[in-house]
2 protein chains.
Amino acid sequence: MSENVDSILGDQASVPAAAEFARRCRDVGLADTPQRRVIFAALTSSKDHPSAEVLHGRVKERLPRISLATVYRNLSLFVEKGLVDGVATASSHARFDANPHKHHHLICKSCASVTDVYSAAYDALGVDRLESGGFEVQEIKVTGYGLCPRCKTKETNDA
Amino acid sequence: MSENVDSILGDQASVPAAAEFARRCRDVGLADTPQRRVIFAALTSSKDHPSAEVLHGRVKERLPRISLATVYRNLSLFVEKGLVDGVATASSHARFDANPHKHHHLICKSCASVTDVYSAAYDALGVDRLESGGFEVQEIKVTGYGLCPRCKTKETNDA
DNA sequence: TTACGAATGATAATCTTTCCTAATCCGGTG
DNA sequence: CACCGGATTAGGAAAGATTATCATTCGTAA
């Protein structure tokens, strides 16, 4: 493991950033590995929103032997632990409904079930409260993540 | 094509529903095919939010020869045309950022680019305006879909 | 430094999308 | 109401993307 892991962030920032990352890993119960340092650093220095594959390409410049699976695995872990933010753009692994009324969704983090919800308060805000920088917003989706009633009681009993 | 396409919805409802579906297809420029009728009917009669694969299983009871690709293709078309609603539950085809500030996303329907946005108005509403039926909401994501500045000017020129 | 649990890399399995060709749908005609 | 022609669609297979598995290596705390 001889690559200079930190230089992605630039040499001044690298040492504090590495220490900060190590601390955040410890906080959420993840080991501080070179691969994770590089993945996180590459994402931090990305201005776009790269996909796992694109990020893998960037990371490989520093760690040529890193596996694509490692990138997928850790991005997903980072999202789960709240270290990074993920957006699903395409329809993959999607779930569908034909409910014709305007509604939003609640997704259970534990069992992945989906529930329809209605919220006049959110609908009232509308599109223009989210527009910025010339982006024309046509539709807004609000999604809540948490625990469905069934999983909530289950978690309580486990603890 | 001898299967009884409409009976999924029950015999009383079937005839009006079929005509209604044909009309909606015409409105959005899609041909009215047996496969689409069955897919849509199966989704309409589903109380859960089935995935493409699950729905394919249900549809196959009526059209045993229907291809999984057809189900994926048409669900995606239905979402695009607004006939049904889709939710991305897993991380597939996801895009990532390490922006540590609370933010939401704008997704361009044309080029799929992702932009960060901040909205005090939406953040102010908070979690409880979306809770219902005992679901414990821990986090809310607001996503806007539309046209980014670059694609907006492009569309204008095309038309 | 050691020992144990966790993470990586490689590959296989799974899921989703795309491509290509033959069949089907739709509007206008006879 | 059956038929024709152009455009759209379905099926099947192949490509692409994501996830799971497993032996080996690594990180961490004592």
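Proteins get letters first, then strands, A, B, ... in listed order; numbering begins at 1 in each.
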At less than 4.0 Å, is any side-chain N or O atom of [X] found next to OP1 or OP2 of [N]? Yes or no.
{"X": "A/S51", "N": "D/dA17", "result": "no"}
{"X": "B/Q35", "N": "D/dG11", "result": "yes"}
{"X": "B/T33", "N": "D/dA10", "result": "yes"}
{"X": "B/Y72", "N": "C/dT16", "result": "yes"}
{"X": "B/N74", "N": "D/dA10", "result": "yes"}

inquiry  = Under a 3.5 Å distance rule, please check whether A/H56 uses its side chain to pair with a backbone N or O of A/T70 as donor and acceptor.
reply    = no
Donor-acceptor pair, side chain of A/R36 and main chain of A/A31, under 3.5 angstrom = yes
Separation of [N] [atom2] from [X] [atom1] (nearest whole Å):
{"X": "B/L77", "N": "C/dC25", "atom1": "CG", "atom2": "P", "answer": "16 Å"}
{"X": "A/E80", "N": "C/dA6", "atom1": "CD", "atom2": "C1'", "answer": "15 Å"}
{"X": "B/L75", "N": "C/dT17", "atom1": "CG", "atom2": "P", "answer": "10 Å"}
{"X": "A/L68", "N": "C/dA12", "atom1": "CG", "atom2": "C1'", "answer": "14 Å"}
{"X": "B/R26", "N": "D/dT9", "atom1": "CZ", "atom2": "P", "answer": "14 Å"}
{"X": "B/L55", "N": "C/dC15", "atom1": "CG", "atom2": "P", "answer": "16 Å"}
{"X": "A/L63", "N": "D/dC26", "atom1": "CG", "atom2": "P", "answer": "13 Å"}
{"X": "B/K60", "N": "D/dG11", "atom1": "NZ", "atom2": "C1'", "answer": "13 Å"}

Which one, [options], comes nearest to the side chain of [X]?
{"X": "B/R36", "options": "C/dC25, C/dA7, D/dA10", "value": "D/dA10"}
{"X": "A/E53", "options": "D/dA10, D/dA17, D/dT28", "value": "D/dA17"}
{"X": "B/D32", "options": "C/dT16, C/dC26, C/dA7", "value": "C/dC26"}

request  = If you link ILVMFWY side chains whenever their heavy atoms are less than 4.5 Å apart, which other residues fall into the same cluster as A/L106? By chain and number, please.
outcome  = A/V117, A/Y122, A/L125, A/V127, A/L130, A/F135, A/V137, A/I140, A/V142, B/L106, B/V117, B/Y122, B/L125, B/V127, B/L130, B/F135, B/V137, B/I140, B/V142
Min side-chain heavy-atom separation B/S46-B/R58 under 4.5 Å = yes
N/O contacts under 3.5 Å, protein versus nucleotides 12-14 of chain D?
unit_1	atom_1	unit_2	atom_2	d
D/dG12	OP1	B/R65	NH2	3.2

request  = Identify, between A/A31 and B/A31, the residue whose nearest nucleotide on DNA chain C lies closer to the 5' end.
outcome  = A/A31
task = Give the intermediate values and the outcome of salt bridge (charged side-chain N to carboxylate O under 4.0 Å, His left out) for residues B/R26 and B/D32.
result = CA-CA 7 Å; B/R26 233 180 301 117; B/D32 172 31; over 6 Å; no
Just distance, no hydrogens or angles: give the donor-acceptor pairs under 3.5 Å from side chains in residues 78-85 of chain B, sequence neighbours left out.
unit_1	atom_1	unit_2	atom_2	d
B/D85	OD1	A/K141	NZ	3.3
B/D85	OD2	A/H103	NE2	3.3

ask   = Are A/L77 and A/L63 in one and the same hydrophobic cluster, where Ile, Leu, Val, Met, Phe, Trp and Tyr link if side-chain heavy atoms are under 4.5 Å apart?
value = yes
